[in-house]
Amino acid sequence: MADEQREAGPNEAPAGPVPEPYPSERVPRALQESPPAAPVSTPVSLSPPSASLDARRVRVLDELMREVPFQLDAQGCLVWLGKPWERLTGMLVSRWMGRPLAEAFHPEDQERARLLLESAASQRSFAPREELRIEAAEGRGTRWVVLSARALPESPGEVVGTLADVTSRRQAEQAITTRERYLETMVEVQRRMMPHQLPLDLYGAVVEPLGHVSLASRVYVFEMHRAPDGTLLGSQRAEWCAPGIAPNLEDPEMHGLPLMEALHPYQAARLLRGDPVQGLPRDFPANLAAVVEAQGVRSVLLIPLRVHGQLFGVIGFDNCREARPWGPIEVNLLSGAAGALSLALEQRTDNALRVRTETTLRRTEAGVHLLIESFPDPVMVHVGDGVLLSVNPALVQYLGYREASELVGRHVLELVRPEDRNAAQLHLGQAMEGQRSARAVEMPLVRRDGEVVVADLVTLAVVVDGAPARVTVARDFTERKRTQAQLMLTDRMASMGLLAAGIAHELNNPLAYVLSNLDYLHGTVGPRARPLGHDELVECRQVLDDAREGAERMRQIVRQLRVFSRVDDTKEEAVDVHRVLDSVTQMAASTVRARAKLVKQYGDVPPVQGSEGKLFQVFLNLVINAAHAIEEGNSEGNEIRLVTYLDEGGRVVVVVRDTGSGIPPEHLRRIFDPFFTTKAAGVGTGLGLSICDTIVNGMGGHISVESSIGAGTIFRVALNVAPPKEPAGRPGV
């Protein structure tokens with residue numbers, strides 16, 4: 001529809017019929033200089049240009065005005081309505097033309113609106129006005145307006161007037177009133193919770209005033225408890241109902257209700273987090289929505305009760321009159337009341353537990369002292385940053401002292417070698433900061449006579465004599481360390497047995513041509529007395545070089561055997577991991593050759609911190625296992641790949657990848673367990689990978705595995721980079 005009618009020139013007639021103006025663009029009688037002859041409900045015919053000018057003026061006024069002007073006929077129906085109506089209600093003007101204006105008001109206000117308009121039409125009251133509610137379009141809620149009306153003297157029964165939007169003011173006034181009402185209730189709730197002797201019925205002291213102030217139909221309290229299977233259940237403990245609302249307190253279904261499971265997961269998470277949850281019945285899961293609707297509830301608000309940081313219960317508010325949400329101010333103030341109840345519940349539980357707790361603590365501390373004294377392992381109790389408060393007889397004997405008084409008052413770090421004190425300090429710091437026990441494996445302790453013993457320390461936080469302290473238990477690790485070293489040596493010897501034939505072959509080849517070359521030299525230069533010619537000398541030199549190369553190869557094999565079989569290899573140093581891998585491939589060559597190609601893919605990596613012999617044992621185990629995972633007969637179609645690189649964390653990673661049969665998932669999680677093996681009897685001990693794991697972890701590294709049936713296996717060993725060597729000092733410095 002066109003916004004405005006084109007004006008005709010002085011000698012020009014309109015080209016076609018003139019379109020009917022939009023209802024809100026008609027000039028109301030109250031704005032015309034003279035009343036029209038035609039009824040208002042028909043298009044107004046004015047002579048141009050004054051008619052179109054008036055229409056444009058009205059339209060501009062419509063756009064500027066915040067109030068909604070209207071005109072009613074003698075039956076109270078709309079014959080003209082200003083454009084601001086659409087901003088106010090969200091409904092089109094055209095849909096209301098010809099309808100009674102009174103129907104637009106809230107059902108509770110329609111009679112008052114009708115009486116006001118009739119009073120204006122009959123001129124019983126001069127320009128009456130009243131604040132009423134109008135039903136706006138869905139999503140806009142109810143709007144408050146000031147209805148002002150006045151009769152048209154020249155048209156009996158007809159009325160003109162305005163609707164002024166005062167919703168913002170009414171909401172502000174209502175918010176202030178609501179806040180004052182809630183604050184008064186909060187003061188009352190706090191007053192009931194404050195006495196030293198708390199009321200016997202805590203819930204009853206709260207639900208009744210909260211029910212009145214919130215205008216709820218029902219207020220109730222659920223307490224949470226655990227079912228035997230661990231499910232979190234809720235049982236109703238208190239209830240207040242408005243007049244005419246049926247109570248639910250005696251309903252068996254309100255006891256042992258799986259409340260968290262009855263909610264949507266995100267709603268349950270909000271309650272557990274301490275946040276309120278509200279909504280209409282349709283906002284909840286179907287089962288709970290059916291129960292709520294059967295009780296006539298139209299909206300629900302749930303506020304959590306937290307005691308000592310845990311969900312203790314829920315205060316619920318039901319509205320059975322209207323499906324309206326609780327506003328932020330209401331929710332905040334009701335949450336404050338729930339907080340007061342939570343504090344009262346904490347106070348009650350604290351009072352009830354205090355006597356039992358104090359008695360239990362006294363008995364517990366006495367029991368702790370007795371336990372420490374009689375504990376078979378060495379135990380020390382220390383406070384502050386590590387000052388010894390007491391020690392048990394086992395520790396006195398373990399460290400070679402005569403009396404406990406020789407240790408009490410000293411610092412824990414005095415029992416540790418100077419080079420190990422940083423690690424010990426880190427261990428104590430972890431125990432001081434964390435809630436769990438802190439463990440340190442292989443911590444050397446110094447006895448009174450200077451001898452070093454290795455202990456496995458466990459430190460945990462306790463309370464001794466009412467003050468925080470830490471208890472450290474030292475379990476002798478010396479014998480276990482010897483056993484572990486023996487197991488490692490046994491595994492090495494087992495590996496040597498598996499490689500014996502290959503090692504013999506690796507030694508036999510160079511030995512054969514060394515002996516052959518020596519026989520040639522002996523035959524050439526031994527029995528002859530004549531000088532050798534130039535060509536003969538060149539030949540002899542070549543034979544000597546070959547013999548020397550073979551001897552050097554045998555020397556390297558013997559060196560690798562010595563490194564591999566060395567018992568005392570506890571000292572850690574900078575190790576070239578590529579040199580270790582090259583030695584491993586040479587030792588395992590005969591085993592690998594019949595099964596797969598061995599591919600080296602070395603990156604540029606720095607030396608690692610560790611023991612050369614132990615690393616040799618780790619990688620030899622991994623390479624032999626990779627070879628045994630591949631069937632013989634297709635060496636060109638399979639491969640064992642050795643890869644080295646520096647990861648993002650700055651650690652050297654060695655990857656041993658094979659194309660073998662893979663490890664079943666049920667075995668993968670046990671692959672590092674001692675004595676676990678999938679090999680046939682007599683082929684493996686089941687200690688290889690367990691010892692590899694122990695060695696790598698002892699060096700501060702990490703070993704991991706990935707595998708799937710038919711796709712091969714990947715072992716990754718991450719090792720720490722060796723610290724840079726300190727520059728040697730100048731002589732005399």
Side-chain angles (χ1 to χ4, degrees), residues 182 185-186 189 193 202-207 209-211 213-241 248-249 251 253-295 297-320 323-349:
Y182 271 90
T185 303
M186 284 289 295
V189 170
M193 298 292 104
L202 278 177
Y203 300 143
V206 172
V207 294
L210 293 184
V213 72
S214 65
L215 303 179
S217 304
R218 184 187 294 111
V219 182
Y220 44 87
V221 176
F222 272 83
E223 278 187 5
M224 312 306 295
H225 54 92
R226 293 280 180 183
D229 63 356
T231 304
L232 193 60
L233 304 178
S235 293
Q236 191 168 338
R237 302 302 188 201
E239 184 181 44
W240 171 89
C241 296
N248 293 326
L249 187 58
D251 187 349
E253 294 186 359
M254 295 296 105
H255 299 269
L257 177 69
L259 185 58
M260 295 294 104
E261 295 181 3
L263 299 171
H264 287 301
Y266 75 91
Q267 294 171 331
R270 284 184 61 86
L271 287 179
L272 290 171
R273 195 168 59 242
D275 297 330
V277 171
Q278 67 168 307
L280 308 181
R282 66 170 180 266
D283 298 325
F284 296 93
N287 292 340
L288 182 59
V291 174
V292 170
E293 289 177 341
Q295 296 174 357
V297 179
R298 303 184 64 183
S299 61
V300 179
L301 170 64
L302 301 176
I303 298 179
L305 291 172
R306 294 174 65 83
V307 175
H308 297 298
Q310 301 295 322
L311 182 65
F312 183 85
V314 174
I315 300 183
F317 299 82
D318 290 348
N319 191 333
C320 299
R324 73 167 183 88
W326 277 265
I329 296 175
E330 296 175 287
V331 173
N332 288 339
L333 292 171
L334 291 174
S335 297
L341 178 57
S342 296
L343 290 175
L345 289 169
E346 286 187 0
Q347 182 180 349
R348 172 164 288 181
T349 55

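The basis for the numbers below is simple: all heavy atoms, side chains too, and nothing from hydrogens, waters or symmetry mates. Counting from 1, the numbers follow the sequence of the chain as shown.
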Heavy-atom pair with the smallest gap, counting every atom of [X] and [Y]:
X: Ala262; Y: Pro285; value: O-CG, 3.1 Å
X: Ala289; Y: Pro281; value: CB-O, 3.1 Å
X: Ala338; Y: Leu305; value: O-CD2, 3.4 Å
X: His264; Y: Asp283; value: CD2-O, 3.2 Å

[atom1]-[atom2] distance between [X] and [Y], expressed to the nearest 0.5 angstrom:
X: Asn332; Y: Ile303; atom1: CG; atom2: CD1; value: 9.0 Å
X: Gln310; Y: Ser342; atom1: CD; atom2: OG; value: 12.5 Å
X: Glu261; Y: Leu288; atom1: CD; atom2: CG; value: 12.5 Å
X: Gln278; Y: Glu330; atom1: CD; atom2: CD; value: 9.0 Å
X: Arg306; Y: Phe312; atom1: CZ; atom2: CZ; value: 13.0 Å

For Phe317, all residues meeting ring-ring contact (aromatic ring centres under 6.0 Å, His included), sequence neighbours excluded: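 Partners of Phe317 by the ring-ring contact (aromatic ring centres under 6.0 Å, His included) criterion come out as none, since no residue qualifies.
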Quick one: are [X] and [Y] in side-chain contact, heavy atoms under 4.5 Å?
X: Leu302; Y: Leu263; result: yes
X: His225; Y: Leu233; result: yes
X: Trp326; Y: Ser214; result: yes
X: Met254; Y: Glu239; result: no
X: Met260; Y: Leu272; result: yes
X: Glu223; Y: Ser235; result: no
X: Ile315; Y: Tyr203; result: no

Apply the side-chain contact (heavy atoms from CB on, under 4.5 Å) test between Val219 and each candidate in Val207, Leu301, Asp318, Leu334; give the one that qualifies.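 Looking at Val207, Leu301, Asp318, Leu334, the match for Val219 under the side-chain contact (heavy atoms from CB on, under 4.5 Å) is Val207.
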How about Arg282: does its CZ atom have over 12 heavy atoms from other parts shown lying under 6.0 Å from it?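 Atom CZ in Arg282 is not crowded, with 12 or fewer foreign heavy atoms closer than 6.0 Å.
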Between Tyr220 and Phe222, what is the ring plane arrangement, given parallel below 30°, perpendicular above 60°, and tilted in between?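 Plane angle over 60°, so perpendicular.
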With no hydrogens and no angle check, do the side chains of Asn248 and Gln236 hold a donor and an acceptor under 3.5 Å apart?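 Absent: no donor and acceptor within the cut-off.
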May I ask you to decide if [Y]'s main-chain N or O and [X]'s side chain share a donor-acceptor pair within less than 3.5 Å?
X: Arg298; Y: Asn319; answer: no
X: Ser299; Y: Arg324; answer: yes
X: His255; Y: Leu249; answer: yes
X: Gln267; Y: Phe284; answer: no

